[in-house]
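What you see is a predicted model; the values in this text were computed from it and never measured. These numbers come from the heavy atoms of this one structure, side chains and all, not from hydrogens, waters or symmetry mates.
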Amino acid sequence: MTRCGLVAVLGAPNAGKSTLVNALVGQKVAIVSPKAQTTRARLMGIAIEGEAQILLVDTPGIFSPNRRLDRAMVKAAWEGAEDADRVVLVIDAAARVGARVEDMLHGVEERTEPKILVLNKVDIARKDDLLVLAARLSERLKPEAVFMVSATTGDGAPALKSHLAGAMAEGPWHFPEDQLTDVTDRMVAAELTREQLYHQLHAELPYASAVATEKWEDRKDGSTAIHQQILVERDSQKAIVVGKGGARLKAIGQAARAEIAEHLGRKVHLFLHVKVNPRWGEDRGLYEDIGLDWAD
């Protein structure tokens, strides 16, 4: 008998949610970086375990929002938990439980969905602190299970995946067996380029930037031409993205093109240009492009 269910993956910024979703799916479906707030939109990774299809909703990190974009991200995170069969709460076990984590815990405590506590990054956490943290959070959240995981190495992920499979209700699968995500190729392409902004640029710049796919052309020779716009807020930021003689933009494009081509399984022609728009965060159309609802 087949099983299927929805699992919301929640946590504070940089807890490792996207890396965990990728580990459970067995393939990269969400972009990752060491920087907090990498995930902006809600996306679904589709994992298969035996007869179970597990629909993993990877959500933006939960924090106290200020900008409209931040409010939209946090709204997407909480909405991702609606109607979930299970809530997986990811905690960075290598970091202290600070104000951001406390804010998120207060919100999760009030939810009625069955909770699973995942202490992530146990490979770099202090071993003596793990059991204390697990006991303290278990007493507070009353989870049905606790897992100690390293999403980066994959340790502990199979046990978590097996538990989730057993928790899914009997019913038909919602997606074909070979589908790994519900995100369109157009959105994935923009996300993979944005990932390179996080990897290659100054720590603060990615938060002031966005990537939108403007044009998509599947050519007769089997290749795909993609035109993307990188939006920044100031001329000085554009200079950083472009780099001396265009070298940085070229490096971003080369790396992103390779990732997009691997995702699509065909040759890709990627054309990037940078536009300065101090108010891109107030553009309703852009929110739709990056998979977020407008937040008042």
Side-chain angles (χ1 to χ4, degrees), residues 3 5-25 30 32 34-39 45 47 49 52 54-65 74 77-169:
R3 294 174 173 270
L6 187 68
V7 176
V9 183
L10 300 179
N14 212 26
K17 300 178 298 299
S18 296
T19 305
L20 179 61
V21 168
N22 290 341
L24 294 171
V25 172
V32 296
K35 299 179 177 66
Q37 301 171 28
T38 300
T39 300
E49 178 75 2
I54 309 164
L55 310 181
L56 298 154
V57 181
D58 182 23
T59 62
I62 296 170
F63 59 103
S64 297
V74 172
W78 287 122
E79 289 180 348
E82 293 178 0
D83 301 320
D85 298 291
R86 292 293 186 279
V87 169
V88 169
L89 180 62
V90 184
I91 300 292
D92 181 352
R96 67 182 184 86
V97 178
R100 280 187 170 182
V101 178
E102 284 293 340
D103 287 344
M104 181 266 304
L105 290 174
H106 285 309
V108 172
E109 280 179 311
E110 300 173 357
R111 303 198 69 90
T112 59
E113 300 90 349
K115 303 175 186 68
I116 297 169
L117 176 62
V118 173
L119 299 183
N120 189 28
K121 306 184 184 180
V122 297
D123 53 319
I124 58 174
R126 288 172 53 91
K127 307 305 179 187
D128 294 343
D129 296 338
L130 286 174
L131 292 179
V132 174
L133 179 62
R136 180 157 58 92
L137 293 178
S138 293
E139 182 178 357
R140 181 172 177 179
L141 299 171
K142 306 296 189 293
E144 69 175 25
V146 179
F147 292 89
M148 297 190 182
V149 170
S150 169
T152 301
T153 66
D155 289 347
L160 171 61
K161 188 174 182 180
S162 178
H163 178 89
L164 290 172
M168 300 298 94

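With respect to K121 and D92, a salt bridge is recorded, a charged nitrogen being found less than 4.0 Å from a carboxylate O.
The NE2 atom of H106 sits 5.0 Å away from the CZ atom of R140 when rounded to the nearest 0.5 Å. Taking CD from E102 and CG from L105, the interatomic distance works out to 5.5 Å, rounded to the nearest 0.5 Å. In this structure, CG on L119 lies 12.5 Å from OG on S150, to the nearest 0.5 angstrom. N120 contributes atom CG, which lies 6.5 Å from atom OG1 of T152 (distance to the nearest 0.5 angstrom). Atoms NZ and CG, from K17 and N22 in turn, are 12.5 Å apart once rounded to the nearest 0.5 Å. To the nearest 0.5 angstrom, E113 atom CD is 8.5 Å from L10 atom CG.
For D129, the salt bridge (charged side-chain N to carboxylate O under 4.0 Å, His left out) partners two or more places apart in sequence, or in a different chain, are R126. Remark: K115 engages no residue in a side-chain hydrogen bond (donor to acceptor under 3.5 Å, both in side chains) (not counting sequence neighbours).
The two residues D58 and S18 come nearest to each other via the heavy atoms OD2-OG, 2.6 Å. Of all the heavy atoms in S138 and V146, the pair that sits closest is OG-CG2, 3.3 Å. Between L130 and A125, the shortest heavy-atom distance links the atoms CD2-CB, 4.0 Å. Across all non-hydrogen atoms, the minimal contact from D85 to G5 is OD2-CA, 3.2 Å. When all heavy atoms are compared, the tightest approach of P143 to L117 is CB-N, 3.9 Å.
Residues V97 and L133 are in side-chain contact: their nearest non-hydrogen atoms beyond the backbone lie under 4.5 Å apart.
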(message) One pair to check against side chain to side chain contact (heavy atoms under 4.5 Å, CB included): D155 and D123. What are the steps and the verdict?
(response) CA-CA 9 Å; D155 289 347; D123 53 319; 5.8 Å; no
List the atom pairs, with distances to 0.1 Å, where a side-chain N or O of residues 158-169 and a protein N or O form a donor-acceptor pair under 3.5 Å, not counting sequence neighbours.
| unit_1 | atom_1 | unit_2 | atom_2 | d |
| --- | --- | --- | --- | --- |
| K161 | NZ | L24 | O | 3.0 |
| K161 | NZ | I48 | O | 3.2 |
| H163 | NE2 | E144 | OE2 | 2.9 |

